[in-house]
Amino acid sequence: MITIALSKGRIFEETLPLLAAAGVVPAEAPESSRKLIIGTNRDDVRLIIVRASDVPTYVQYGAADLGVAGRDVLIEHGGAGLYQPLDLEIAKCRLMVAVQNGFDYQGAVQQGARLRVATKYTDQAREHFAAKGVHVDLIKLYGSMELAPLVGLADAIVDLVSTGGTLKANDLVAVEHIRDISSRLIVNQAALKLKEEQIQPMIDAFAGAIGH
Ligand SMILES: Nc1ncnc2c1ncn2[C@@H]1O[C@H](COP(=O)(O)OP(=O)(O)OP(=O)(O)O)[C@@H](O)[C@H]1O
Ligand SMILES: O=P(O)(O)OC[C@H]1O[C@H](OP(=O)(O)OP(=O)(O)O)[C@H](O)[C@@H]1O
């Protein structure tokens, strides 16, 4: 049995065509089912539905053989025990620093001000500001980062931006680009050795589907 860990929403939807290329069709959609283990048309393949940030953990410990996770999540996780054979070029976005319209970010940085930064991505934020020599107090949040500057919780946020619609709707502007993000196929290193005959063809099918 091969177990693939996916999160609901964009990762599940954007992985569907890649699964199809490997001959795998889920028996149901996670949005319309409360089931966390979803069968497929193949007796030897099942999907488990977990939080996006939990996908690397399930694969690291071998509870799933394969998974799909954003680079944002993989960097925070650290990548221990994971083989990352493919950038799937799905769920593309950018990790950025943003502030409320009118906040003089460059001025604050030049004056050496200590900034309060709210984010879910504390490791990447810490590294980014340390490299710039900017002093920050990091405030860990788990979602809706865009709210923090509006209610005085933070001067800036570090969050994902795709269309820019969420920033715009909340009167925020992006001031720095940290990195481009896309999702990767991740594989448990031990599982790849033990189940190579089943897993390698799946990696090859995914690679073919994205034109590699
Ligand atoms: N607006 C976006 N456009 C494109 N890709 C995105 C966007 N937002 C997030 N992503 C990517 O998709 C991945 C999954 O995002 P999703 O919104 O499904 O989970 P999440 O809500 O960030 O995670 P969790 O449920 O663990 O809090 C992210 O890790 C990121 O790599
Ligand atoms: O630039 P945009 O196209 O507006 O996308 C950016 C938004 O997308 C992500 O949230 P998501 O839609 O995943 O919501 P969630 O994190 O609350 O699930 C991210 O955290 C931003 O809030």
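Along the sequence shown, the residues carry numbers beginning at 1. Both ligands and their constituent atoms are indexed starting at 1 by order of listing.
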For this session: Indicate yes or no: does Asp137 engage Arg114 in a salt bridge with an N to O separation below 4.0 Å.
Result: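 A salt bridge is present here (some side-chain N lies under 4.0 Å from a carboxylate O).
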Exercise. Salt bridge between Glu28 and Arg34, side-chain N to carboxylate O under 4.0 Å?
Worked result: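 Between Arg34 and Glu28 there is no salt bridge, as every charged N stays at least 4.0 Å from the carboxylate O atoms.
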Exercise. Is the closest side-chain donor-acceptor distance between Asp171 and Asn101 under 3.5 Å?
Worked result: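 On atom types as modelled, these side chains qualify, holding a pair under 3.5 Å.
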For this session: Answer yes or no: is there a donor N or O on one side and an acceptor on the other, between the side chain of Glu14 and the main chain of Ala91, under 3.5 Å?
Result: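 Side chain of Glu14 to backbone of Ala91: a pair is present.
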Exercise. So, Glu76 side chain and Asp123 main chain: donor-acceptor pair closer than 3.5 Å or not?
Worked result: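 Yes; judged by distance alone, with no hydrogens or angles, the pair exists.
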For this session: Below 4.0 Å from any atom of ligand 2, which residues have a heavy atom? Give them in chain and number order, please.
Result: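 Within 4.0 Å of ligand 2, the protein residues are Arg10, Glu146, Asp159, Leu160, Val161, Ser162, Thr163, Gly164, Gly165, Thr166.
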Exercise. Who are the side chain to side chain donor-acceptor pair (under 3.5 Å) partners of Gln189, not counting sequence neighbours?
Worked result: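 Testing Gln189 for side chain to side chain donor-acceptor pair (under 3.5 Å), a comparison that skips the adjacent residues, returns none.
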For this session: Mark yes when over 12 heavy atoms from residues, nucleotides or ligands other than Lys193 sit less than 6.0 Å from its NZ; otherwise mark no.
Result: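 12 or below, so no.
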Problem set entry | Residue pairs involving residues 146-160 (criterion salt bridge (Lys or Arg N to Asp or Glu O under 4.0 Å); sequence neighbours excluded) |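 For residues 146-160: none.
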Problem set entry | For ligand 1, the residues whose heavy atoms come within less than 4.0 Å (ordered by chain, then number) |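 Only Lys8, Arg10, Ile11, Arg51, Ala52, Ser53, Gly70, Asp72, Val73, Ala91, Lys92, Cys93, Lys120, Leu160, Ser162, Ile181 have heavy atoms that fall under 4.0 Å of ligand 1, ordered by chain and number.
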For this session: Any chance you could measure Glu197, atom CD, to Ile2, atom CD1, to the nearest 0.5 Å?
Result: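 Here the interatomic distance stands at 11.0 Å.
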